[in-house]
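Atoms considered below: every heavy atom in the structure, side chains included; atoms not considered: hydrogens, waters and symmetry mates.
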Amino acid sequence: MSLNCLRLVCHSIKKPPVFHLSYSPSSYSSSPAVLVSMSYSKELAAAKKAASLAARLCQKVQKALLQSDVQSKNDKSPVTVADYGSQALVSSVLQQEIPADFSLVAEEDSKDLRKDGGQEIVERITKLVNDSITSDGSYNVTLSTEDVIKAIDSGRSEGGSQGRHWVLDPIDGTKGFLRGDQYAIALALLDGGKVVLGVLACPNLPLTSISAPDQHSPNNEVGCLFFAEVGGGTYMQPLDGSSAVKVQVTAVENPEEASFFESYEAAHSMHDLSSLIAQKLGVKAPPVRIDSQAKYGALSRGDGAIYLRFPHKGYREKIWDHAAGCIVVTEAGGVVTDAAGKPLDFSRGNYLDVDTGIIVTNQKLMPFLFNAVRESIKEKAASLSRRIDVGICWERQLT
């Protein structure tokens, strides 16, 4: 059955300034006023539905992860059956719910699946998608293997500043997923190059704060769904669909009392630079290192105060790694910029052009954080320059 034959059984429902010491929180607006007056409620409902079903698929795979589920992409990061299945499922649901002018920017494509030996994996993906998409009774559908391949490849849009584009990371934090740790299904919608809604499904994130080990949710429950619409705030609810609560970033104003998140993998961010920044701020708490955009979700509900990400030289940030997380934090009252204080620009295609890295915190802490970041970057550059000069001197002496 083609994707067009999906049958719905029950109804589913300003740019920040460059930060200086004179920065005033009242001058900040997370989104252009022209977008605030628009409603994206239908699109948000579809996104929540798609991300929740994809989370269910991923949970099933993670519980019984087989060695044959893991392939290796050209960039050497692991990719799983769940990656492909999540993308196919989200694409299928969105095309059913919001079919007009469908455009999806997503991480995966079917190139590796079309190679010799890929048919068995495609069949497993297809079964997973069919089992998951019908699991709650909303849809009566049976997708073929070719339907699933087409759904995966529907994510080849280049995005841009015109029109609407869905942005998806089917499993953000694949290494965390493989370890049994944190990962997220991250889905956002761009309208005219601006992020207007975002959903983060975080199956392994506790319902209570991860910064307070003495606090536990009933029965140690995990599984959070964060969602935000421009101008509407950020909400969190359990993945089981229970009632949602509005969340806000922490109100901490003293940098010494702040805690910060950074990437679990040292290859994803320069931990030494983050450590220098924390030292300048006087931060006493050790960093919390977790995978994926689950960090954005945790920050939006006040689990921590700062998120620092400084990729190694040569790495380019992709929009699907930050689009959903960005609006989830900004609608919760936070601020997201690059290291130069510029807002993230999602209108330039698949990549973000950022200065050095990405910094996230609340309004009150941003001036302190921004200054600490700039000072630390200068110090690190000066230290590198000195080491290069010493190396040149040694070479000259040896010759």
Side-chain angles (χ1 to χ4, degrees), residues 14-19 27-47 50-51 87 90-91 94-95 97-109 152-170 172 185-200 227-234 293 296 309 311 315-332 334-360:
K14 296 175 185 162
K15 199 171 187 181
V18 174
F19 294 99
S27 67
Y28 174 76
S29 174
S30 62
S31 306
V34 66
L35 294 177
V36 174
S37 63
M38 299 179 66
S39 173
Y40 297 90
S41 56
K42 183 179 180 181
E43 291 83 356
L44 182 59
Q87 182 158 317
V90 170
S91 173
L94 292 179
Q95 287 186 70
E97 299 288 344
I98 315 288
D101 300 320
F102 181 75
S103 173
L104 176 66
V105 184
E107 185 173 18
E108 307 300 345
D109 62 52
I152 292 170
D153 284 339
S154 68
R156 290 179 173 176
S157 170
E158 293 295 320
S161 60
Q162 303 297 316
R164 292 186 178 187
H165 308 280
W166 292 99
V167 179
L168 170 69
D169 193 334
D172 184 37
I185 294 88
L187 179 61
L189 178 63
L190 302 182
D191 191 349
K194 305 292 184 181
V195 185
V196 295
L197 69 82
V199 176
L200 292 174
F227 56 94
E229 180 184 350
V230 62
T234 297
Q293 290 179 70
Y296 280 108
R309 180 178 171 92
Y315 180 83
R316 294 186 69 191
E317 296 281 7
K318 287 91 169 176
I319 62 172
W320 51 73
D321 287 326
H322 298 281
C326 183
I327 193 169
V328 162
V329 166
T330 56
E331 284 297 322
V335 187
V336 183
T337 76
D338 69 8
K342 296 182 296 184
L344 306 189
D345 185 353
F346 294 94
S347 70
R348 297 176 175 271
N350 288 359
Y351 293 94
L352 290 171
D353 292 324
V354 299
D355 185 324
T356 309
I358 293 172
I359 58 178
V360 186

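With hydrogens and angles ignored, the 3.5 Å screen pairs no side-chain donor or acceptor of Asp191 with any backbone N or O of Val196. Checked by atom type and distance alone, the side chain of Gln162 never pairs as donor or acceptor with a backbone atom of Gly192 at under 3.5 Å. In this structure, the side chain of Ser347 does not engage the main chain of Gly193 through any donor-acceptor pair within 3.5 Å. Judged by distance alone, the side chain of Glu97 and the main-chain N or O of Ala46 form no donor-acceptor pair under 3.5 Å. Looking only at distances, no side-chain donor or acceptor of Ser91 sits under 3.5 Å from a matching main-chain atom of Gln87.
Inter-residue side-chain proximity for Val105 and Ser157 is flagged as met; some heavy-atom pair is nearer than 4.5 Å. Between Leu94 and Leu187, the closest side-chain pair of non-hydrogen atoms falls below 4.5 Å. When side chains are defined from C-beta on, Leu168 does not count as touching Trp320, because their heavy atoms never get closer than 4.5 Å. Here the side chains of Tyr296 and Leu200 are in contact, with some heavy-atom distance below 4.5 Å.
Considering CG of Leu344 and OG1 of Thr337, their distance stands at 7.0 Å, rounded to 0.5 Å. The CG atom of Asp321 sits 6.5 Å away from atom CD of Glu107, with the distance rounded to the nearest 0.5 Å. Expressed to the nearest 0.5 Å, how far CG of Leu190 lies from CD1 of Ile319 amounts to 5.5 Å.
Pairing each heavy atom of Val195 with each of Ala188, the nearest pair is CG1-CB, 4.1 Å. Closest approach of Gly160 to His165, counting heavy atoms only: O-CD2, 3.9 Å. In this structure, Glu229 and Ser41 approach most closely via the heavy-atom pair OE2-N, 3.8 Å. In terms of heavy atoms, Glu331 sits closest to Ala228 at CB-CB, 3.9 Å. Across every non-hydrogen atom of Leu44 and Gly198, the tightest pair is CD1-O, 4.5 Å. Closest approach of Glu317 and Pro311 over heavy atoms only: OE2-CG, 3.0 Å.
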Listed pairs under 3.5 Å, donor-acceptor, residues 348-360 side chains, sequence neighbours left out:
residue: Arg348; atom: NE; partner: Asp345; partner atom: OD2; Å: 3.0
residue: Asp353; atom: OD1; partner: Arg316; partner atom: NH2; Å: 3.1

Q | salt bridge (charged side-chain N to carboxylate O under 4.0 Å, His left out) evaluation trace for Asp153 with Arg156 | A | CA-CA 6 Å; Asp153 284 339; Arg156 290 179 173 176; 3.5 Å; yes

Q) Between Val90 and Trp166, is a side-chain contact (heavy atoms from CB on, under 4.5 Å) present by the stated rule, with each step listed? A) CA-CA 10 Å; Val90 170; Trp166 292 99; over 6 Å; no

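Partners of Phe227 under the ring-ring contact (aromatic ring centres under 6.0 Å, His included) rule, at least two apart in sequence or in another chain, are Tyr235.
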